[in-house]
*Asks:* 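Pasting a structure below so you can have a look.
This is a predicted model, so every value here is computed, not measured. Chain naming here is simple, since letters A, B, ... match the order of the sequence lines and numbering starts at 1 in each.
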2 protein chains.
Amino acid sequence: MIPDKTVERLSLYRWLLEGRVEPGTVHLFSHQLASMACVTPAQVRRDLMAIGYTGSPNKGYRVKDLSKSIGRVIDGDEPAQVALVGMGNLGRAIVSFLRGRRSALKVVATFDSDATKAGRMISGCMCYPQGKIEEVIEEKRISVAILTVPAEAAQKVADRVVEAGVRGILNYAPVPLRVPEWVFLENRDVTAALEKVAYFARQSAEGKSR
Amino acid sequence: MIPDKTVERLSLYRWLLEGRVEPGTVHLFSHQLASMACVTPAQVRRDLMAIGYTGSPNKGYRVKDLSKSIGRVIDGDEPAQVALVGMGNLGRAIVSFLRGRRSALKVVATFDSDATKAGRMISGCMCYPQGKIEEVIEEKRISVAILTVPAEAAQKVADRVVEAGVRGILNYAPVPLRVPEWVFLENRDVTAALEKVAYFARQSAEGKSR
DNA sequence: TGGTAGTTGTGAAAACAGTAACAGCGTTAC
DNA sequence: GTAACGCTGTTACTGTTTTCACAACTACCA
């Protein structure tokens, strides 16, 4: 099993390889990729070891091959289907952001509790009423859910999508979620992140003045 | 120095203490707080050890005291001033989300490259043209910046806010940033997070079927 | 042909994060 | 009064992630 952090970096490496290298570049050294990703060369080599990709000494890694190898590991055979629940400001922003990116991941359904949004295309994606969560998730074989609902609703929505078969949740609601241990959960609380940044910013400022 | 992850959890604990406990609760045990935060009691005790707060055996922690203690450590004496650069969909969503939350942190300025947005209040916050970044950051003593700009612009904006005195950056642009080692950087790439969740969701599904 | 420079892959060590275990101490029960 | 209970604070342990360091390898050059 590939560790958490490594998967995140692999995703970044691939993105860099697909369009951020000098056009025409065939080979790439670990220190070049490291420099682009702002990590150490050793880190890059260890990450690539995790997916079993192997370059050649004195030549480095083949850009195309590497990018494909990462894709095979991260995306698997068929791309995952994604749903987003909660078409508020944040939800709409994320949907339209994701639409603009090439990715194996496609948001194929969105949900909102506001019935007036139901049945319409919003930000380029069909929006269903929340009552249809189970039905649509099962029908479209959705395995990943993004939650951008208010704190009060988050746990209930999480329970429902899990019950319907979702295996991974990306949670933007500022509340901890209780999910079965076989569901992967990633929390992205904006406030917590901001408070963390502010804390370390202050530490840095104090260290400097001292 | 308090570790990264601990600060994030402390922020969560405080939020839970301020409004998620039964009204009238004076004392709280580590296992109760742990249950609310979805972590282990040992984790809670260890985190509180980091800030030097001490409860009493057989009574637990005083809700009010603990909440204040966490505040003293995380917020410090005066609240940090925050700026947000890039008032696209995501930027506006984050600003209005943060406005709705009680927090020591205040977004006191936003910036956008679109000149027609300049000088107006957007999502309840004054929006300045990007040319004024240095001026406003210095004048308002802003120490934290949230970046919600397109990938191409991110590094340039980061350089400018750092030059102007910012000590912490919360980066939503999907590109790694190069900053001096005394600037705290937190990346929140949506795509990377989603690909990670999808990867582990797939792992979980395969493990189950096997 | 042999030497050199420069890279990869990986074992070993270090740093970091989380868990378990337990001594110590109020509180309560009797 | 004192024994038992249940919780905290802390130390020791376990597991994970990152860094270090170097043998092995390839291409190139003289």
Side-chain angles (χ1 to χ4, degrees), chain A residues 1-13 17 21 25-63 65-66 69-70 73 176 181 184-187 192 196 199-200 203, chain B residues 1-13 17 21 25-63 65-66 69-70 73 176 181 184-187 192 196 199-200 203:
Chain A
M1 169 83 34
I2 301 176
D4 192 301
K5 304 288 180 60
T6 298
V7 175
E8 230 164 313
R9 281 190 300 265
L10 286 170
S11 162
L12 170 61
Y13 298 154
L17 292 172
V21 282
T25 311
V26 177
H27 285 96
L28 205 64
F29 295 125
S30 65
H31 62 84
Q32 297 177 290
L33 189 50
S35 154
M36 286 191 286
C38 297
V39 297
T40 65
Q43 180 84 81
V44 170
R45 295 204 297 275
R46 176 115 356 245
D47 288 339
L48 299 193
M49 193 169 73
I51 61 169
Y53 181 85
T54 174
S56 64
N58 246 25
K59 278 223 187 147
Y61 308 101
R62 294 182 64 90
V63 174
D65 285 1
L66 179 51
S69 291
I70 294 177
V73 173
E181 96 287 348
F184 184 86
L185 173 65
E186 177 81 7
N187 285 306
K196 182 168 80 169
Y199 172 78
F200 286 106
Q203 295 298 309
Chain B
M1 170 84 35
I2 302 175
D4 193 298
K5 305 286 179 61
T6 298
V7 174
E8 229 163 312
R9 281 190 300 267
L10 286 171
S11 162
L12 170 61
Y13 298 155
L17 291 171
V21 283
T25 311
V26 177
H27 286 95
L28 205 64
F29 295 126
S30 65
H31 62 85
Q32 296 177 289
L33 189 50
S35 155
M36 287 191 287
C38 298
V39 298
T40 65
Q43 180 84 80
V44 170
R45 295 205 296 276
R46 181 164 266 284
D47 287 339
L48 299 192
M49 193 169 71
I51 62 169
Y53 180 85
T54 174
S56 63
N58 247 26
K59 278 219 186 150
Y61 308 101
R62 294 183 63 89
V63 175
D65 285 2
L66 178 50
S69 291
I70 294 176
V73 172
E181 97 286 350
F184 183 87
L185 172 66
E186 178 81 7
N187 286 305
K196 182 168 80 169
Y199 172 79
F200 286 107
Q203 295 298 310

*Asks:* Report yes if at least one side-chain N or O of B:S56 is closer than 4.0 Å to OP1 or OP2 of C:dG26; otherwise report no.
*Replies:* no
*Asks:* Does a side-chain N or O of A:T54 approach OP1 or OP2 of C:dG9 to a distance below 4.0 Å, or not?
*Replies:* yes
*Asks:* Over all strands shown, is A:T6 touching base, sugar-phosphate only, or nothing at heavy-atom distances under 4.0 angstrom?
*Replies:* nothing
*Asks:* In whole angstrom, what separates B:L28's CG from D:dC7's C1'?
*Replies:* 13 Å
*Asks:* Round to the nearest Å and state the distance from A:D4 atom CG to C:dA17 atom C1'.
*Replies:* 13 Å
*Asks:* I need the CD-C1' distance between A:E8 and D:dT17, as an integer number of Å.
*Replies:* 13 Å
*Asks:* Mind checking what makes ring pair (Phe, Tyr, Trp, His ring centres under 6.0 Å) contact with A:H27, not counting sequence neighbours?
*Replies:* none
*Asks:* If you measure from CG on A:L10 to CG on A:L17, what distance do you get to the nearest 0.5 Å?
*Replies:* 10.0 Å
*Asks:* Starting at atom NZ of A:K59, determine the distance to atom C1' of C:dG9, rounded to an integer number of angstrom.
*Replies:* 18 Å
*Asks:* At what distance, to the nearest 0.5 angstrom, does CD1 of B:I2 lie from NZ of A:K196?
*Replies:* 13.0 Å
*Asks:* Is any side-chain heavy atom of B:N187 closer than 4.5 Å to one of A:L12?
*Replies:* no
*Asks:* For B:K5 and C:dT19, what is the distance between atoms NZ and C1' respectively, to the nearest whole Å?
*Replies:* 15 Å
*Asks:* Starting from C1' on C:dG9, measure out to CG on A:L66 and report it in whole angstrom.
*Replies:* 15 Å
*Asks:* Could you tell me how the ring of B:F200 sits relative to the ring of A:F184: parallel (under 30°), tilted (30 to 60°) or perpendicular (over 60°)?
*Replies:* parallel
*Asks:* Atom NE2 of A:H31 and atom C1' of D:dC20: how far apart are they, to the nearest Å?
*Replies:* 18 Å
*Asks:* Is there a side-chain contact between B:E8 and A:Y199 (heavy atoms, below 4.5 Å)?
*Replies:* no
*Asks:* OP1, OP2 of C:dG18 versus side-chain N and O of B:R9: anything below 4.0 Å?
*Replies:* yes
*Asks:* With rounding to the nearest 0.5 angstrom, report the CD1 to CD1 distance, B:I51 to B:I70.
*Replies:* 5.0 Å
*Asks:* Looking at DNA chain D, which of residues 39-47 of chain B put a heavy atom within less than 4.0 Å of it?
*Replies:* B:R45, B:R46
*Asks:* Mind calculating the distance between OH (B:Y61) and P (C:dG26) to the nearest angstrom?
*Replies:* 16 Å
*Asks:* Using only modelled atom types and a 3.5 angstrom limit, is any donor from either the side chain of A:N58 or the base of C:dT7 paired with an acceptor on the other?
*Replies:* no
*Asks:* For the side chain of A:P3, counting heavy atoms from C-beta on, which of D:dT17, D:dT11, C:dT7 is nearest?
*Replies:* D:dT17
